[in-house]
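Working notes, beginning with the structure itself.
Quick note: numbers below take in every heavy atom, side chains included, and nothing from hydrogens, waters or symmetry partners. Order of the sequence lines sets the chain letters (A, B, ...), proteins ahead of strands, with each chain counted from 1. All values derive from a computational prediction rather than experimental measurement.
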Amino acid sequence: MANISFEEIVKPENLVYKKTELLTDKTLSYCPGCGHGTAHRVIMEVIEELGLEEDTVGVAPVGCSVLAYEFMNIDMTQAAHGRAPAVATGIKRVWPDKIVFTYQGDGDLAAIGTSETIHACNRGENIVIIFINNGIYGMTGGQMAPTTLPGMKSSTSPYGRDVDIMGNPLKITELIAHLPGTYFVTRQAVHTPAAVRKAKRAVKKAFENQRDKKPGLSFVEIVSNCNSGWKMTPNDANKWMEDNMFPFYPLGDIKVDGQMVK
Amino acid sequence: MGDLRLMKGNEALAEAAIRAGADAYFGYPITPQSEVIEYLMAEKPWERTGMVVLQAESEVAAINMVYGAAGAGKKVMTTSSSPGISLKQEGLSYIAGAELPCVYANVVRGGPGLGTIQPSQADYFQSVKGGGHGDYRQIVLAPASVQEMADFVKLGFELAFKYRIAVLILADGIIGQMMEKVELFDPIPRLSDEEVIAQNPWATTGKKKGTHRRIITSLDLEAHEMEEHNKHLQAKYKVIEENEVRFEAIDCEDAEYIFVAYGSSARIAQKSVQLARSKGIKAGLLRLITLFPFPSKALQTYCKNGVKGWLAVEMSAGQMVEDVMLAVKGCAKVEHFGRFGGVIHTPEEVLHALEEKVIGG
Ligand SMILES: Cc1ncc(C[n+]2csc(CCOP(=O)(O)OP(=O)(O)O)c2C)c(N)n1
Ligand code: SF4
């Protein structure tokens, strides 16, 4: 077989995939196999495809994605733990024609920031919330989150979540779907190519809703893994997620165009 | 001549925000300052100037809305009273770290805890020593009249944007609630979006192609870089200390005894000066307008003039008095007097304290 040179391989007509310009070249700080990086990519590709990058301001949370602003190549504000929806509200209210989104983990959005989340949703802020639900506090080393499943082990529920003592997991996405202020509520995943394609369609719809000034907030939950926190290999984590997380947090649209569909 | 009105201090804050060209106000009701948001909601500034007014779900949310909007280059304000100001401290620390401009007011009530709704000056430490976590400062303006409630909103925004810093208007329940004549300054138009972008190139307003992205953050995981950032903040605070000191000296030229006070306590102590002078005691009043920066040099000047004693007058158990002591460096006796927990001292009590603790003691 003839030797193929590097130049021949990388010629433009062979291009099948290109990293969006809206991701920086900085090495991701996430663990190998973690869903955060894929979720970043999906969001940035959508913003690029919709041509919104010059008018978008993102809000990074506290959590593993606190440094999202290092990777997302757009204007970004870093918020205090749980406060991203209030920060986004502030930005959107004074710049109503900008596109504003938050990117938050489950501890950030559904524990310390529950109030800000519910009230931003209830006021129908015209923003997008991307909610990464990995059932655990990744950043601080795998403690129990509001979304940790019954019986699931974490560093603060080392014998498994005992719902009698620790309470039940909070399905905040279903909760906010019932508020009149939400316009689009969906639950997705990014662990397989098929899931990524679906998730991207959902994220796109969310940003289109905001661009078109549809009345209310668009909320995309992404059920994701935390292989480090769950103490599993990336493959095992994804399998465990399918077997345990998806039955409890079923994927699919919950509310579309202001109407409940589930 | 400006617009002459009879207003409550809280209403003056609200009207001044509209006139100062503020883009947004985010607040949460609490006595004794709820008139601020009530006035704004009744006045509908979104129709007058395009200013946004939003009642947040908490003081925590309100200060984070301020953080977001200020980070996007806009003129934003919030107000509250002591328990609500405690809730804002996290956000204020982030605002200090990220160097965002904003104006906020604390119409102080008695504490600790839920305390009382009566006036107090017991939030001095929280206001001038940091309040939230980390090594930071904010500019603190202390109005002593309804007129200054209005004027300091305008001044506050000027200073906030000049230094990219939070400016606190530290009032108390008396100044917030009492009605006085105010000459309102002429309205300043809100900046256009283009002006906001041009004047605040650091703000998150959307990254144009070929430009660097803007990041509003207080985080730096690299300790040496964080030390550099802290040094930069400290250098900024030094410049403020050198350039932005404000105070008023009343009958201090020949004074042997000087009251140091701010806000309502200064109004009361001014009367005490008159009472003292009518008894032949050469008393004066140094009314502090900026609490940070603290007018230390002014105090030292009067030390050199041969002042025999100082009385710090404040509605607290003794907070500002510590800064007076630090400033005068033992040049003469320093004592404290003040009623607290919501009780207001009388001019006679203040004079009596001077006679007993400073002159006689
Ligand atoms: C006020 C405050 N409390 C606690 C913390 C510590 N902390 C940092 S990240 C985090 C949990 C984040 O978990 P999650 O939102 O689920 O995001 P993940 O790291 O899993 O992506 C906590 C508790 C903090 N930074 N600030
Ligand atoms: S700790 Fe978990 S959430 Fe954080 S980067 Fe690692 S795998 Fe991802």
Side-chain angles (χ1 to χ4, degrees), chain A residues 21-24 29 47-48 51-62 66-100 102 112-123 125 127 139, chain B residues 22-26 46 50-76 78 89-95 97-98 100 102 132 190 193 196-197 202-221:
Chain A
E21 302 264 311
L22 298 193
L23 286 174
T24 64
S29 51
I47 292 172
E48 183 175 54
L52 297 174
E53 67 265 28
E54 295 203 346
D55 289 308
T56 300
V57 181
V59 183
V62 167
V66 64
L67 289 175
Y69 60 79
E70 296 275 340
F71 315 124
M72 298 180 174
N73 193 11
I74 54 168
D75 278 4
M76 296 282 294
T77 295
Q78 197 286 316
H81 198 16
R83 316 298 175 218
V87 173
T89 297
I91 301 170
K92 185 72 185 185
R93 290 282 178 141
V94 295
W95 287 103
D97 295 332
K98 301 278 174 210
I99 302 294
V100 182
T102 72
I112 194 165
T114 313
S115 170
E116 285 77 5
T117 302
I118 289 182
H119 287 282
C121 288
N122 196 49
R123 283 191 305 266
E125 296 295 338
I127 59 173
M139 178 78 165
Chain B
D23 297 298
Y25 171 92
F26 302 103
W46 49 92
M51 174 183 172
V52 170
V53 185
L54 186 63
Q55 180 169 334
E57 62 270 33
S58 68
E59 289 87 350
V60 175
I63 194 68
N64 281 285
M65 291 172 187
V66 168
Y67 175 86
K74 298 275 184 163
K75 265 190 186 175
V76 233
T78 183
Q89 294 306 326
E90 178 199 45
L92 288 163
S93 172
Y94 275 67
I95 283 169
L100 302 184
C102 70
R190 285 179 54 238
D193 288 352
V196 169
I197 293 168
W202 47 266
T204 51
T205 53
K207 173 189 172 302
K208 299 294 166 229
K209 281 209 173 63
T211 65
H212 282 292
R213 69 190 197 285
R214 276 72 55 96
I215 296 167
I216 298 297
T217 184
S218 58
L219 174 76
D220 200 325
L221 291 171

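At a heavy-atom cut-off of under 4.5 Å, chain B is reached by Ser115(A), Glu116(A), His119(A) from residues 112-121 of chain A, listed in order of number.
The parts of Thr77(A) that come within reach of chain B are both its backbone and its side chain, each placing non-hydrogen atoms under 4.5 angstrom from that chain. Looking at Ile63(B), there are no atoms closer than 4.5 Å to chain A (heavy atoms on both sides), in backbone or side chain. Only the backbone of Ala203(B) comes within contact range of chain A, with heavy atoms under 4.5 Å apart. For Val57(A), the part lying under 4.5 angstrom from a heavy atom of chain B is the side chain only. In this structure, chain A has heavy atoms under 4.5 Å from both the backbone and the side chain of Thr205(B).
Here Val60(B) is the residue among Asp23(B), Val66(B), Val60(B), Thr211(B) with the most heavy-atom pairs under 4.5 Å with chain A. Put simply, of Gly73(B), Ser58(B), Ala72(B), Ser93(B), the one with the most heavy-atom pairs under 4.5 Å next to chain A is Ala72(B). When each of Val52(B), Val76(B), Thr217(B) is checked for heavy-atom pairs under 4.5 Å with chain A, Thr217(B) comes out on top. Among the candidates Arg213(B), His212(B), Lys208(B), the residue making the largest number of heavy-atom pairs closer than 4.5 Å to chain A is Arg213(B).
Shortest non-hydrogen contact noted between Glu21(A) and Asn73(A) is O-ND2, 3.1 Å.
Put simply, the side chain of Val196(B) reaches to within 4.5 Å of the side chain of Lys74(B), judged on heavy atoms.
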